[in-house]
Amino acid sequence: MKRVSCIDIGTNTALLLIADLVPESGSIIPVCHRQTIVRLGKNVDAEKVIDRDAQLRLISCLKEYRQLSDEHGCRCIIAAGTSALRDAANRTEVIRAVKEETGIAIRCISGEEEAKLTFFGAVAGMSRIPEPFSVIDIGGGSTEISMGSLEGITESVSLDIGSVRLTERFFTMLPPPESEFEQAEAEISNMLTKRILPFFASREQVFGVAGTVTTIAQVSQGMNHFDALKVHNYPLSYVEVHELLEQLRKKTNEEIIALGIPEGRSDVITMGTLILHQFMRLLGIGEIRVSIQGLRFGLAQEELIRLQQKI
């Protein structure tokens, strides 16, 4: 058995999974979860750099994650950076500063690699998964959609439509004026329409991961606080997504927070919900299955496979 720490450094959130990997049984046993809203991608869409404040927020978060990993006796820390780091011209400097301050080496992964790791991470440990299935990962900077089976991925796309990126690009206030909402809706539909045709084949079996989807599942169940047991594997219907979007598009940031959505996500959840809504509407998806797993579970599974190959 090997205890590892896996960190997903996204555009909005940094997620930590500490887990025990058991090569003999192929098991990933979660020990500790943490999530911190860092907003690393603030203004990256427009300026193409990670600013000093965002870098300091990331370093502070990873110092905490390093301490937690050490306290839990982790033998290694695996960290992956996604859309914000991919887009930032100064990513090399940010990665170097993080390594110097925390000792954590961040690997900046491509959209294609992110989609692959998230695809397998989303269903890690699940049984009786119908095939083919798809996984949608709505992040702060990008959205990844992948389709395939446990044997491998047959289709995968990474699109530059994320909740933070498009909120900064289209919304000047909350609630957004009708014209801004319609412009965002048109852009999302345009981007999706060009790339999602192959995914009609798996529209009956779709898993949704990451903060936007899990938050929607939380609010749809009327919960003011996140409950992993009630959110994981929740069947989220198109009707629920549509009804929530109609609420959110008329609410201020303060009113959104009152629904139980944390600050740091409250200002981008309207856009994230719009992305999910258009994905489900365009493919005619009646229901998706929510998974609290994702990229960090994919990183853990990748390490587990390495261990199995050594046996």
Nearest-0.5 Å distance that lies between atom [atom1] in [X] and atom [atom2] in [Y]:
X	Y	atom1	atom2	answer
Ile59	Glu100	CD1	CD	9.0 Å
Arg249	Thr270	CZ	OG1	10.0 Å
Leu274	Leu244	CG	CG	11.5 Å
Arg195	Asn190	CZ	CG	12.0 Å
Ile77	Cys74	CD1	SG	6.5 Å
Arg66	Glu64	CZ	CD	14.0 Å

Treat each ILVMFWY residue as a node, draw an edge where side-chain heavy atoms are under 4.5 Å apart, and state whether [X] and [Y] are in one component.
X	Y	value
Leu245	Leu236	yes
Ile161	Ile216	yes
Met191	Val135	no
Leu16	Leu21	no
Leu299	Leu58	no

Please report the closest heavy-atom contact between [X] and [Y], naming both atoms and the distance.
X	Y	value
Ala124	Ile28	CB-CD1, 4.4 Å
Gly152	Phe120	CA-CZ, 3.8 Å
Ser266	Leu174	O-CD1, 4.2 Å
Pro176	Phe181	CG-CD1, 4.2 Å
Ile106	Gly81	CG2-N, 3.6 Å

Is it the case that over 12 heavy atoms from other parts of the model lie below 6.0 angstrom from the [atom1] atom of [X]?
X	atom1	answer
Lys48	NZ	yes
Glu151	CD	no
Glu93	CD	yes
Glu263	CD	no

Verdict with supporting geometry, Arg107 and Glu113, salt bridge (Lys or Arg N to Asp or Glu O under 4.0 Å): CA-CA 11 Å; Arg107 184 172 110 221; Glu113 189 176 3; 2.5 Å; yes

Salt bridge between [X] and [Y], side-chain N to carboxylate O under 4.0 Å?
X	Y	result
Glu303	Arg306	yes
Glu114	Arg86	yes
Asp45	Arg169	yes
Asp8	Arg296	no
Glu101	Arg96	no
Asp267	Arg39	yes

Thr13/Gln35 under side-chain hydrogen bond (donor to acceptor under 3.5 Å, both in side chains): CA gap, chis, key distance, verdict: CA-CA 7 Å; Thr13 312; Gln35 71 167 24; 5.7 Å; no

Parallel, tilted or perpendicular: ring planes of Phe119 versus Phe133, cut at 30 and 60 degrees: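 Parallel.
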
Evaluation steps, side-chain contact (heavy atoms from CB on, under 4.5 Å), between Ile145 and Leu192: CA-CA 10 Å; Ile145 309 166; Leu192 287 171; 4.1 Å; yes

Any [X] side-chain heavy atom under 4.5 Å of [Y] side chain:
X	Y	answer
Pro175	Lys251	no
Asp137	Leu295	no
Val164	Lys42	no
Cys76	Ile78	yes
Ile29	Val22	yes
Phe226	Thr215	no
Ile109	Leu117	yes
Thr172	Glu180	yes

Residues Gln247 and Glu243: side-chain donor-acceptor under 3.5 angstrom: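 On atom types as modelled, these side chains do not qualify, holding no pair under 3.5 Å.
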
Distance-only side-chain donor-acceptor flag, Asp160 / Ser142, under 3.5 Å: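 Asp160 vs Ser142: no donor-acceptor pair found between side chains.
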
Test item: [X] side-chain N/O and [Y] main-chain N/O as donor-acceptor pair under 3.5 Å:
X	Y	answer
Gln205	Pro130	no
Thr82	Ile9	yes
Glu112	Ser156	no
Asp51	Ala54	yes
Glu144	Ser158	no
Glu240	Ser237	yes
Arg203	Leu283	yes
His277	His242	no
Thr36	Ala14	no
His72	Leu68	yes

Single hit among Val49, Leu85, Thr11, Asp87 for side chain to side chain contact (heavy atoms under 4.5 Å, CB included) with Val44: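 Single pass found, and it is Asp87.
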
Within 45° cone and under 6.0 Å: Arg289 NZ/CZ vs Phe207 ring: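 Ring-cation test returns no.
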
Check against side-chain contact (heavy atoms from CB on, under 4.5 Å), Met280 and Val241: CA-CA 9 Å; Met280 295 180 76; Val241 175; 3.9 Å; yes

Derivation and outcome, side-chain contact (heavy atoms from CB on, under 4.5 Å), residues Arg265 and Ile37: CA-CA 8 Å; Arg265 192 173 300 285; Ile37 294 175; 4.2 Å; yes

Glu187 and Arg165: CA distance, side-chain angles, deciding distance, salt bridge (Lys or Arg N to Asp or Glu O under 4.0 Å) verdict: CA-CA 12 Å; Glu187 173 69 6; Arg165 184 191 299 273; over 6 Å; no

Intermediate values then yes/no, side-chain contact (heavy atoms from CB on, under 4.5 Å), Met223 and Val231: CA-CA 10 Å; Met223 297 188 296; Val231 168; 3.9 Å; yes

